[in-house]
Amino acid sequence: MCSYNQVNGKPTCADPDLLKGTIRGQWHLNGYIVSDCDSVGVMYDTQHFTVTPEESAAATIKAGLDLDCGPFLAIYTDLAIRRGLLTVTDVDMALANTITVQMRLGMFDGEPSAQPYGHLGPRHVCTPNHKQLALEAARQGIVLLKNSGSLPLSTSRHRTVAVIGPNSDVTETMIGNYAGVACDYTSPLKGISRYVRTVHQAGCSNVACKANNLFGFAEVAARHADATVLIMGLDQSIEAEFKDRTGLLLPGYQQELVTRVAQASKGPTILVLMSGGPIDVSFAKYDRRVSAILWAGYPGQAGGTAIADVLFGTTNPGGKLPMTWYPQSYVAKVPMTNMGMRPSRGYPGRTYRFYKGPVVFPFGQGLSYTNFKQSLALAPTDLSVLINTNLFATKNYSTLSSNAIRVKHTNCDSLSLPLHIDVENIGNMDGAHTLLLFSEPPASVKWSPNKQLISFHRVHVVAGSKQRVKIDVHACKHLSVVDEFGIRRIPMGQHSLYIGDLKHSISLQANLEGIKN
């Protein structure tokens with residue numbers, strides 16, 4: 001699917017280098033390319049890429065677009081052919097790419113119900129296996145951001161739990177957007193009620209939380225319960241494809257609700273957040289009365305069950321944050337019009353790879369109810385990088401520039417390093433551990449990111465046991481960086497690999513003996 005935006009001044013749906021060169025050429029797509037819905041129309045109506053709509057239709061089909069999600073090509077393709085901007089052969093090629101996929105699905109093989117996929121219907125969606133998959137996905141996606149020891153809750157000690165917040169009894173909120181019809185829903189309130197007696201107070205009428213007149217009822221509930229779970233955060237009225245957030249704080253009076261309930265709570269207070277993006281909850285992170293914080297994302301139809309399973313220890317959380325959680329102050333430094341990743345004068349940069357400022361929670365953050373120990377079992381310390389010396393004979397001196405070798409000027413197949421990491425569960429609970437492997441280039445390379453994630457592996461480890469994870473580190477893929485001119489190079493010198501608290505150094509040296517053919 002080609003998107004709305006332009007890359008290097010050209011709409012992606014009208015870029016033959018991208019559609020034909022990269023997608024079909026380098027990536028060997030054997031299917032069809034479809035536009036993001038209405039993006040062809042946007043290209044003409046909003047971006048004014050061409051003078052006439054027929055020219056836009058012709059530009060996209062000739063570039064390699066096969067199918068338009070929208071009415072634009074249906075209206076203007078015939079006119080483009082009549083005016084000589086497009087040939088029937090161009091259209092036939094797009095049609096062939098689309099129909100070929102339909103043929104693979106058996107759509108032209110006779111009676112649909114007699115074909116392998118012709119009998120599929122609603123009853124094949126809500127199967128026990130599919131429901132279990134939805135639940136497991138929700139469990140694995142939950143991230144434990146803070147835990148002062150109050151989690152997991154105990155059904156014997158915490159017999160009554162106050163469930164509070166605008167997202168405490170939601171259903172459709174949990175599936176976010178671009179979702180089908182759910183088989184059924186288990187809200188957080190319903191999920192927690194399967195474990196213990198619950199007392200429910202929404203506190204706010206919705207996530208906008210524009211009033212605090214219901215906070216007193218929430219405080220009373222927390223004051224009489226053995227534990228309190230606040231389900232806060234966002235929904236599609238705050239963040240969506242068509243709606244950008246203007247800040248990173250909890251909407252309206254939500255922060256006040258959390259603080260007041262935590263002050264009133266007789267037992268531990270746990271904050272559960274639903275959102276698609278980061279939220280600045282620094283106030284809760286440093287509030288000792290908020291003993292734990294969970295991020296559930298938009299966990300899907302079984303989200304309430306998954307949240308309850310994590311709260312009561314049936315599931316040991318093992319998720320990691322897929323994004324940096326920035327403080328509210330970051331918003332003022334990053335204009336929406338600047339998509340640059342690298343920091344510049346007055347601009348802090350974006351993502352963990354370039355941003356060096358303060359964070360609420362870092363990329364990859366995620367705690368567990370057990371403790372894991374990582375150790376290196378096999379880790380090479382040096383690698384010789386062969387250079388194609390024939391390039392020097394042709395005076396291609398850019399091969400080795402700033403002590404970095406062009407990736408395409410070496411033999412990448414020979415530049416693989418085996419890395420074996422032992423993951424030991426030294427705690428008392430079985431759990432899944434997500435191993436994150438980062439690489440950092442030599443300090444002398446000024447135009448590179450701070451570090452970058454090059455591999456991750458999720459491994460389930462029984463309490464008291466050990467699992468070995470084997471990773472192949474490829475120099476061309478994992479240790480290379482793109483320089484300021486857009487050229488991918490492998491810096492020579494000391495590269496650092498980080499796995500949790502572990503740091504391992506690998507020395508890369510250029511071998512001028514050349515590649516033997």
Side-chain angles (χ1 to χ4, degrees), residues 1-122 124-125 177-181 240-242 339 407-408 412 477 482 486 488:
M1 176 175 281
C2 50
S3 57
Y4 289 86
N5 58 290
Q6 297 185 2
V7 176
N8 297 326
K10 184 176 291 187
T12 63
C13 291
D15 187 350
D17 292 333
L18 175 64
L19 304 187
K20 290 183 177 179
T22 300
I23 296 176
R24 292 203 183 277
Q26 295 180 27
W27 296 352
H28 307 294
L29 174 73
N30 187 19
Y32 63 86
I33 297 174
V34 62
S35 71
D36 199 352
C37 293
D38 295 323
S39 60
V40 179
V42 167
M43 186 177 83
Y44 170 73
D45 296 326
T46 306
Q47 298 177 349
H48 310 297
F49 182 68
T50 62
V51 176
T52 67
E54 294 83 8
E55 290 174 327
S56 285
T60 56
I61 294 176
K62 290 167 71 174
L65 182 68
D66 303 312
L67 187 64
D68 178 22
C69 178
F72 197 90
L73 292 187
I75 297 172
Y76 296 109
T77 300
D78 183 54
L79 290 173
I81 294 174
R82 293 182 184 183
R83 295 179 183 180
L85 302 173
L86 194 64
T87 68
V88 174
T89 302
D90 294 325
V91 177
D92 285 346
M93 182 60 69
L95 185 63
N97 288 333
T98 305
I99 291 179
T100 298
V101 175
Q102 294 176 330
M103 288 181 173
R104 290 194 206 120
L105 294 172
M107 295 174 66
F108 298 91
D109 293 345
E111 173 58 36
S113 61
Q115 306 309 315
Y117 307 111
H119 67 289
L120 294 179
H124 296 95
V125 177
N177 61 351
Y178 288 95
V181 179
E241 181 182 21
F242 56 88
M339 295 291 105
V407 164
K408 66 179 182 180
C412 289
K477 181 180 179 181
V482 177
R488 183 164 288 280

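In what follows, every heavy atom counts, from backbone to side chain, and hydrogens, waters and symmetry copies are set aside.
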Determine yes or no for a side-chain-to-main-chain donor-acceptor pair under 3.5 angstrom, with [X] supplying the side chain and [Y] the backbone.
{"X": "R82", "Y": "T77", "result": "no"}
{"X": "K10", "Y": "F49", "result": "no"}
{"X": "T100", "Y": "A96", "result": "yes"}
{"X": "D36", "Y": "Y4", "result": "no"}
{"X": "D66", "Y": "I33", "result": "yes"}
{"X": "E55", "Y": "L85", "result": "no"}
{"X": "T60", "Y": "A57", "result": "yes"}
{"X": "Q115", "Y": "D109", "result": "yes"}

Exercise for the section: Look at the aromatic rings of F72 and Y44 and report parallel, tilted or perpendicular, splitting at 30° and 60°. Expected result: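 Tilted, since the angle between the ring planes falls between 30° and 60°.
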
Can you find a heavy atom in the side chain of [X] that is under 4.5 Å from one in the side chain of [Y]?
{"X": "N97", "Y": "R24", "answer": "yes"}
{"X": "L86", "Y": "V91", "answer": "yes"}
{"X": "Q47", "Y": "P11", "answer": "yes"}
{"X": "N30", "Y": "R104", "answer": "yes"}

If I compare all heavy atoms of [X] with all of [Y], which pair ends up nearest, and what's the gap?
{"X": "D90", "Y": "I61", "value": "O-CG2, 3.8 Å"}
{"X": "M43", "Y": "A14", "value": "SD-CB, 3.7 Å"}
{"X": "C13", "Y": "L19", "value": "O-CD1, 3.7 Å"}
{"X": "T50", "Y": "S56", "value": "OG1-OG, 2.5 Å"}

Handout entry: All pairs passing disulfide bond (SG atoms under 2.5 Å apart) where residues 46-78 contributes a residue, at least two apart
Key =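 Disulfide bond (SG atoms under 2.5 Å apart) check on residues 46-78 returns C37-C69.
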
Practice task
Apply side-chain hydrogen bond (donor to acceptor under 3.5 Å, both in side chains) to D92 and list each qualifying residue two or more places apart in sequence or on a separate chain.
Solution key: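 Listed in chain order: nothing, the list is empty.
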
Quick one: [atom1] on [X] to [atom2] on [Y], what's the gap to the nearest 0.5 Å?
{"X": "M107", "Y": "I99", "atom1": "CE", "atom2": "CD1", "answer": "10.0 Å"}
{"X": "C2", "Y": "L65", "atom1": "SG", "atom2": "CG", "answer": "5.0 Å"}
{"X": "I81", "Y": "R83", "atom1": "CD1", "atom2": "CZ", "answer": "12.5 Å"}

Handout entry: Exceeds 12 heavy-atom contacts within 6.0 angstrom, atom OH of Y117
Key =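 It does not: Y117 OH has 12 such atoms or fewer within range.
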
Problem - Residue list, side-chain contact (heavy atoms from CB on, under 4.5 Å) with T46, at least two apart or on another chain - result: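 side-chain contact (heavy atoms from CB on, under 4.5 Å) check on T46 returns V42.
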
